[in-house]
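Reviewing the structure listed below.
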Amino acid sequence: MTNIKNSEYDFANIEKKWQDFWVDNKIFKTEDFSDKPKFYALDMFPYPSGSGLHVGHPEGYTATDILCRYKRMQGFNVLHPMGWDAFGLPAEQYAVETGTHPSITTNKNIDTFREQIKALGFSYDWDREINTTDKNYYKWTQFIFLKLYERGLAYIDEVPVNWCPALGTVLANEEVIDGLSERGGHSVERRPMKQWMLKITEYAEQLLEDLDDLDWPEGVKEMQRNWVGKSTGAEVTFKVADFAENYDITVYTTRPDTLFGATYMVLAPEHNLVKYITTAEQTVAVDKYVKDASLKSDLARTELATEKTGVFTGAYAVNPLTGENIPIWIADYVLASYGTGAIMAVPAHDTRDFEFAETFNIPVKCILQPDAKELKSSKVAVEDVLAGKVCWAGGGVAINSANEELDLNGLSVDEAKAATIKYLEDKNIGKGAVNYKLRDWLFSRQRYWGEPFPIIHMEDGSIKTVPVEELPLVLPEMEEFKPSGTGESPLANATEWLNYVDPETGMKGRRETNTMPQWAGSCWYYLRYIDATNDIEPFSAEKENYWMPVDLYVGGAEHAVLHLLYSRFWHKVLFDCGLVSTKEPFQKLVNQGMILGLSYKNSRGVIIPTDQVEHKNDGHFDKETGEQLEEFPAKMSKSLRNVVNPDDVISQYGADSMRLYEMFMGPLEATKPWNTSGVEGVYRFLKKAWRLVTGHELVDREMTKDELRVLHATIKKVTNDLEDLGFNTAISQLMIFVNEFSKGKDLPLQAAKDFVQMLAVFAPHAGEELWQYVNGNPNEDMPVENTVAYVAWPQFNEEYLQVSEVEILIQVLGKPKARVMMSVNATPKEMEEIALNLPEIKELIQGKTVRKVICVPKSLVNIVAT
RNA sequence: GCCAGGAUGGCGGAAUUGGCAGACGCAACGGACUUAAAAUCCGUCGGCCGCAAGGCUGUGAGGGUUCAAGUCCCUCUCCUGGUACCA
């Protein structure tokens, strides 16, 4: 038996020992099914980068791990898995440079990550580890793609991509900086290429609606709502004047109520009617504008957003309400891809239209009497609005808005909208309409290191899918990973793999050379964990039914929109296929905050790299100049040299201190700066806790009232805080417990057991070691059942928290004046009497009239005396 | 610009439904132990006034509601994240 009585806290040996114990005995292997209630806690799986783990990763992982350990003790069957989102650009770029196959780089990085993660003592079920680049995994990613294809949700379209002629390759948006390639700074142009698209827009409404029932941060839900961008309004059809042909133009507007104020119309330069309606005199100018616009990237178009540009087409449309001819312009502030690619412009009540009208001297016609209240806070003069000198985009009442058949005057914006839509529908020249900002998802990349599409383009132009039985379609081995030079992925050079002959008909075909984007693998990984080794289906329906949905999903806020929207979309498709049983995958979502590094700047605001800073008692100084520096938190980055490496923290203080500090820093969701001396604080706490348990005589005795109160207050606070993910305050309470019990001569056995068990969810290595000690278990050849991992969580008893007397604060006019012990059962009347009879209070209110006395039981008495 | 979140000691942060601001920790200072250091332990620690008892003041700024405001309402400033001509 290892005797740790009166020993020193030796984290290095303890941590190694228990990590081995957990792994060797598969302590955290999850039952596929159980009578126990289930709890599925999911961490966003990492991209295993070459630089290894940083302190931000373990933050979320520690939080879920603590919760999982707690839930196991609460009797839950817990699923807590880990895996690797391992496709991605860096491994391919490295392959281009060095010829090393991306799978080699990837596996090496995964090994590093796994080792680093294991060193933190997380209770993952490693038998469920997944890797998106494993063919047994991406086989099912391809399978799901085929499901999408079968349902008509995947299609090919010509879409402009970032083509870099100098590099002979297509670049991802993040590889293009200010219109130049990130590597080499070559120019990048937009070039249409055939791409796979996924019809996420078909699910726009559901993606929006189902957000309401999710327990997600309000901010994330709002971001998703904005991304989907639903708007309601109307489509209105305008006749083009002076043409024999029917060149009707339909516009989309959210403000049909302002149709009387439409003084011109704008088409996107790409609008297909532009070439038909442009008059001869305007052709040269229009052609030039259209050409220039097509060369501008989206980036350039938005960067030049300050100045409005456009060209008159020479044609006129007829405002259906006023009968007036209004000029038709083209301008790139109207996007071809949104709505109908054409707008009616109401400069008086739309800021963009107003700017344009001012630039080109187009009349502004005010048709809204601004709302008086809004007008007041906006600081614009009502005369200017009415005169069309200022744009009014706020609310109000319609004016100047009547023709022989329709009179909107006096109506509010909402009433006028409804009336206009009804009129348009009756006349058959428009209708109510809904639009979404959400676009279909560009789902192909011109890369090697991604999932190949199970698609063959046949000679006759048809598309053949690879039969499910033949999946996975494996990436071919290649020597070279250089771009093909044509814009196609390097797979275009894999001749043998590329060419296909139909075994039945003999028809030739060519495999799809695009690969799927990195998002693909992460869209459904949470389902694979449920049944990670199934090789006949992606996951069994029975297991899915038991485990889904994910009860808690923790990860970085950077995935607030795309990853979460994409996987919700796939999940809904799988739901419609009958493959999953829930509409939404992630019931509760929490974003862990970013961890910042401590940085230093001098009085001129110049940031000094952290390793050039000398720390003294009276401040921080530049090692070179001796100048005093100001400390401030900044994003960890190599250039500031403020990156904290978890390995260093673990080797110096141990994994338990690392875990504890990550949780003690502050609320999980908050952005907070890493401060190494804070780690020392929790390390001291662990040493103190160790001394409390091993250095005091453990006595199996009745506890005193005070001891019971502290113990049960601790159990209560820790339990409640864990339920709300309040890890920092739970740890504070454990510190209070240690401070209080350290004052005693001995340690009551029950208090020791309960405390050690609570500690064990936060600091599991020290927790296990101390658990064996307080239970008198022999520590060598330990039976598996002796682990603390599944011991029932301690219960608190409210009875022990009760006190008979409490200190009541006596205030006069809200200021604290006296404190008095009273029975907890004192009635307000009794409290008032006691308070008013206190000598010091009597003195204070002498000569004054007591107007009112407020008594809050168990808390305070406030005497209002003047 | 718009949307979301935030601002509390020297620092990280605590504070049920409005009810004693600053729990817990860090740093700092004073002391004990030590030949010395580390480790550990004890004490002080928002600001101002005061020998003290005590008083005044204090949660980004200004106003309001209330017996009582970090917490609720209005206006403003600054920070962080998201988004960008979406008609």
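Only this structure's heavy atoms are used, side chains among them; waters, hydrogens and symmetry mates stay out. Below, read A as the first sequence line, B as the second, and so on, with proteins coming before strands; counting in each chain starts at 1.
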Select base, sugar-phosphate, or nothing to describe what [X] touches, counting heavy atoms under 4.0 Å on all strands.
X: A/S337; value: nothing
X: A/I736; value: sugar-phosphate
X: A/R691; value: sugar-phosphate
X: A/V856; value: base
X: A/R684; value: sugar-phosphate
X: A/G229; value: nothing

### Message
Return whichever of A/K852 or A/Q811 has its heavy-atom-nearest nucleotide of RNA chain B closer to the 5' end.
### Response
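Its nearest nucleotide lies further toward 5', so the answer is A/Q811.
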
| query | For A/N739 and A/R439, take the nucleotide of RNA chain B holding the closest heavy atom to each; which residue's nucleotide lies nearer the 5' end? | reply |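 It is A/N739 whose nearest nucleotide is closer to the 5' end.
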
Atom pairs, protein N/O to nucleotides 3-13 of chain B N/O, distance under 3.5 Å:
unit_1: B/G12; atom_1: O2'; unit_2: A/M665; atom_2: O; d: 2.6
unit_1: B/G13; atom_1: O3'; unit_2: A/N728; atom_2: ND2; d: 3.4

Verify whether one side chain among [X] and [Y] offers a donor that lies under 3.5 Å from an acceptor in the other.
X: A/T201; Y: A/D440; answer: yes
X: A/T714; Y: A/Q733; answer: yes
X: A/D248; Y: A/T237; answer: no
X: A/Q224; Y: A/R568; answer: yes

Check every atom of [options] against the side chain of [X] and return the nucleotide holding the closest atom.
X: A/M735; options: B/C24, B/A87, B/C20; result: B/C24
X: A/K688; options: B/U40, B/A23, B/C41; result: B/C41
X: A/K308; options: B/C85, B/G19, B/A14; result: B/C85
X: A/Y338; options: B/U40, B/A87, B/G19; result: B/A87

### Task
Mind running salt bridge (charged side-chain N to carboxylate O under 4.0 Å, His left out) on A/E805 and A/K858 for me, showing each step along the way?
CA-CA 9 Å; A/E805 286 208 315; A/K858 293 183 211 174; over 6 Å; no

| query | Any idea if B/G9 is syn or anti, going by the 90°-from-0 cut? | reply |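 Syn for B/G9; the angle stays within 90° of 0.
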
Taking atom [atom1] in both [N] and [M], what distance in whole Å separates the two?
N: B/C49; M: B/G64; atom1: P; result: 29 Å
N: B/U66; M: B/G18; atom1: C1'; result: 9 Å
N: B/G22; M: B/G31; atom1: C1'; result: 25 Å

What are the atom names and distances for every N/O pair under 3.5 Å that joins the protein to nucleotides 55-60 of chain B?
unit_1: B/U57; atom_1: OP2; unit_2: A/K815; atom_2: NZ; d: 3.1

Note to self: Could you check whether any side-chain heavy atom of A/F727 comes within less than 4.5 Å of a side-chain heavy atom of A/L668, counting everything from C-beta outward?
What the structure shows: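 Yes, close enough: below the 4.5 Å cut-off.
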
Exercise. State, yes or no, whether a side-chain contact exists between A/I808 and A/V861 at a heavy-atom distance under 4.5 Å.
Key: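 The answer is yes, as the side chains (C-beta and beyond) meet within the 4.5 Å cut-off.
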
Encoded 5' to 3' (Watson-Crick or G-U under 3.5 Å; [ ] crossing; | other strand), RNA chain B becomes (((((((..(((......[....))).(((((.......))))).((((....))))..(((((..]....))))))))))))....

Worksheet item: For the side-chain contact (heavy atoms from CB on, under 4.5 Å) test, which of A/T253, A/D257, A/T232 pairs with A/K417?
Response: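 In the set A/T253, A/D257, A/T232, the residue that makes a side-chain contact (heavy atoms from CB on, under 4.5 Å) with A/K417 is A/D257.
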
With sequence neighbours excluded, tell me which residues meet ring-ring contact (aromatic ring centres under 6.0 Å, His included) with A/F356.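 A/F356: ring-ring contact (aromatic ring centres under 6.0 Å, His included) contacts with A/Y264, A/W329, A/Y333, A/F360.
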
TODO: Look at the side-chain N and O atoms of A/K687 and state whether any lies under 4.0 Å from the OP1 or OP2 oxygen of B/U40.
DONE: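 Answer is yes, contact under 4.0 Å.
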
task = Sequence neighbours left out, what passes side-chain contact (heavy atoms from CB on, under 4.5 Å) with A/L686? Give chain and number order.
result =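 A/Y9, A/D656, A/S657, A/L660, A/L759, A/A763.
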
**Report entry** Between NZ on residue A/K431 and CD on residue A/E235, distance to nearest 0.5 Å
**Finding:**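 CD of A/E235 is found 4.5 Å from NZ of A/K431.
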
- Task: State which residues pass side chain to side chain donor-acceptor pair (under 3.5 Å) with A/N6; sequence neighbours excluded, sorted by chain then number.
- Result: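 For A/N6 there are no side chain to side chain donor-acceptor pair (under 3.5 Å) partners, ignoring immediate neighbours.
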
